[in-house]
Amino acid sequence: MLGLTASDAPPTVAVTIFSAGVAAGVADVITFPLDTAIVRLQVQCECQTSSAVRYKSVLGTITTLAKTRGPMKLYNGLPAGLQRQISFASLRISLYESIQEFFTTGKESNLGSRVSAGLTNGGVAVFIGQPTEVVKVRLQAPSSLHGPKPRYTGTYNAYRIIATTEGLMGLWKGSTPNLTRIVIISYTELVTYDLMKEALVKNNYISDDVPCHFVSAVIAGFCTTVLSSPVDVVKTRSVNCLPGRYTSVSDCAMLMLTKEGPSAFFKGFVPSFL
């Protein structure tokens, strides 16, 4: 039997991680203004000054920020965002198949094994990439939330100040809601997608081809955003808050509910869905 040629051999783990990181980084550059809009919409009610700019929609947030602070402000925190993609997204994408093979050794792949692989993969990625998430969110959030002067002068200055003033664990703030978000996304995306595709095909609404997969993916994405949005907002506020602002993640959620109402948990819903 002939061996695999260089072109037929599967890529190494290093090549897979590098390729996944580059792809995720390019996507992050394109979508970063949307991500900035999400963060600003989610945290703006925490602002203590009446003179702060108020945002009402995705487009309004992007245009207002570009007009008042300049277009480059939409990319504040991009270096941390790219670091997040390298450490977080590249690991999730590249290691998923290897972890799934571990859960399916000696048996066929099923929904349970895929969910287990997604949760394990996501947990490892969150543990490694959470410091980049903390810095990214804090640089994207309005500096007026914490006084007239910017909290940090740059990405590495943020790492240093957080580590020295809040301790090393300050770089892992928001890990619990972030892990919870990964659990919700992993379960909801896979289960909803499979159920919708099965229902559409079984009831002869549409054949099992590209339109079926597209419709199933859109519905799965919507359901996932609905369920994960409350946790995402709590995660963002927990990450961005000053030490002592909230006693716990549950305290953050309860204060949001009592002071702002249930709608606070869905701030930034539209850009998150997009």
Q: Supply the atom-to-atom distance K73 NZ to L65 CG, rounded to the nearest 0.5 angstrom.
A: 7.5 Å
(Q) Treating T192 as the side-chain partner and E189 as the backbone partner, does any N or O pair qualify as donor plus acceptor under 3.5 Å? (A) no
Q: Give me the one residue out of K173, K235, R151 that meets side chain to side chain donor-acceptor pair (under 3.5 Å) with N240.
A: R151
Q | Hydrophobic cluster membership, I184 vs I38, 4.5 Å side-chain cutoff | A | no
Q: Check whether any side-chain heavy atom of P142 lies under 4.5 Å from a side-chain heavy atom of Q44, and answer yes or no.
A: no
Q. Under 3.5 Å, side chain of T64 to main-chain N/O of T61, donor-acceptor pair present?
A. no
(Q) Using 30° and 60° as the class boundaries, would you call the ring planes of F269 and F222 parallel, tilted or perpendicular? (A) perpendicular
Q | In one Ile/Leu/Val/Met/Phe/Trp/Tyr side-chain cluster, 4.5 Å: V270, L34 | A | yes
Q | side chain to side chain contact (heavy atoms under 4.5 Å, CB included) assessment of V215 paired with M196 | A | CA-CA 8 Å; V215 172; M196 284 307 307; 5.6 Å; no
(Q) Side chains of Y193 and E198 only: does a donor on one sit below 3.5 Å from an acceptor on the other? (A) no
Q) Are Y159 and Q83 close enough, and set up right, to give a side chain to side chain donor-acceptor pair (under 3.5 Å), and what steps lead you there? A) CA-CA 12 Å; Y159 283 117; Q83 292 166 7; 2.7 Å; yes
**Q.** Residues E166, R160; criterion salt bridge (Lys or Arg N to Asp or Glu O under 4.0 Å); working and verdict
**A.** CA-CA 10 Å; E166 302 177 37; R160 183 180 62 81; over 6 Å; no
Q) Could you walk me through whether R245 and L255 pass the side chain to side chain contact (heavy atoms under 4.5 Å, CB included) check? A) CA-CA 11 Å; R245 176 70 173 84; L255 284 175; 4.1 Å; yes
**Q.** Atom pair CD/OG of Q42 and S229 - distance to nearest 0.5 Å
**A.** 6.5 Å
(Q) The test is salt bridge (Lys or Arg N to Asp or Glu O under 4.0 Å); show your working for D35 and K136 and say whether it passes. (A) CA-CA 10 Å; D35 194 28; K136 179 187 75 70; 2.7 Å; yes
Q. What's the shortest heavy-atom distance between L41 and P271, and which atoms?
A. CD1-CG, 4.5 Å
**Q.** Sub-4.5 Å side-chain heavy-atom contact between V201 and C212
**A.** yes
**Q.** CZ on F266 to OG1 on T225, rounded to 0.5 Å
**A.** 10.5 Å
Q: Spell out, yes or no, whether V135 and M169 are grouped together once hydrophobic residues are joined by side-chain heavy atoms under 4.5 Å, including indirect joins.
A: yes
Q.
For the backbone of Y246 and the side chain of D251, can you confirm whether one donor and one acceptor N or O come within less than 3.5 Å of each other?
A. no
Q. Crowded around F214 CZ? As in, over 12 foreign heavy atoms under 6.0 Å?
A. no
Q) With a 4.5 Å limit on heavy-atom distance, are the side chains of V234 and T180 in contact? A) no
Q: Determine whether V231 and V226 fall in the same hydrophobic cluster, where Ile, Leu, Val, Met, Phe, Trp and Tyr are linked whenever their side-chain heavy atoms lie under 4.5 Å apart.
A: no
**Q.** Y152 and I162, any side-chain heavy atoms less than 4.5 Å apart
**A.** yes
**Q.** Student check: side-chain heavy atoms of L82 and V29 closer than 4.5 Å
**A.** yes
Q. Should the heavy atoms of other residues, nucleotides or ligands under 6.0 Å from CZ of F127 be counted, would the total exceed 12?
A. no
Q.
Please check: side-chain N/O of T36 versus main-chain N/O of L74, any donor-acceptor pairing under 3.5 Å?
A. yes
Q) Under a 4.5 Å cut-off applied to non-hydrogen side-chain atoms, are K197 and H213 in contact? A) yes
(Q) Please report the interatomic distance OG(S216) to CD1(I206), rounded to the nearest 0.5 Å. (A) 8.0 Å
Q.
Using side chain to side chain contact (heavy atoms under 4.5 Å, CB included), reason through S272 and D232 one step at a time and then give a plain yes or no.
A. CA-CA 9 Å; S272 294; D232 191 40; 4.2 Å; yes
Q) Using a distance-only test with no angle check, is there a side-chain donor-acceptor pair under 3.5 angstrom linking N178 and E133? A) no
(Q) Measuring from atom CD1 of I185 to atom OG of S228, what distance do you get when rounded to the nearest 0.5 angstrom? (A) 4.5 Å
Q.
Using the rule that Ile, Leu, Val, Met, Phe, Trp and Tyr join whenever any side-chain heavy atoms are under 4.5 Å apart, tell me whether L171 and I161 fall into a single cluster.
A. yes
Q) Where the side chain of R138 meets the backbone of V239, is there a donor-acceptor pair that is under 3.5 Å apart? A) yes
Q | Worked verdict on F265 versus E260 for side chain to side chain contact (heavy atoms under 4.5 Å, CB included) | A | CA-CA 9 Å; F265 292 99; E260 304 172 46; over 6 Å; no
Q. Between CD of Q130 and OG of S175, what distance do you get to the nearest 0.5 Å?
A. 4.0 Å
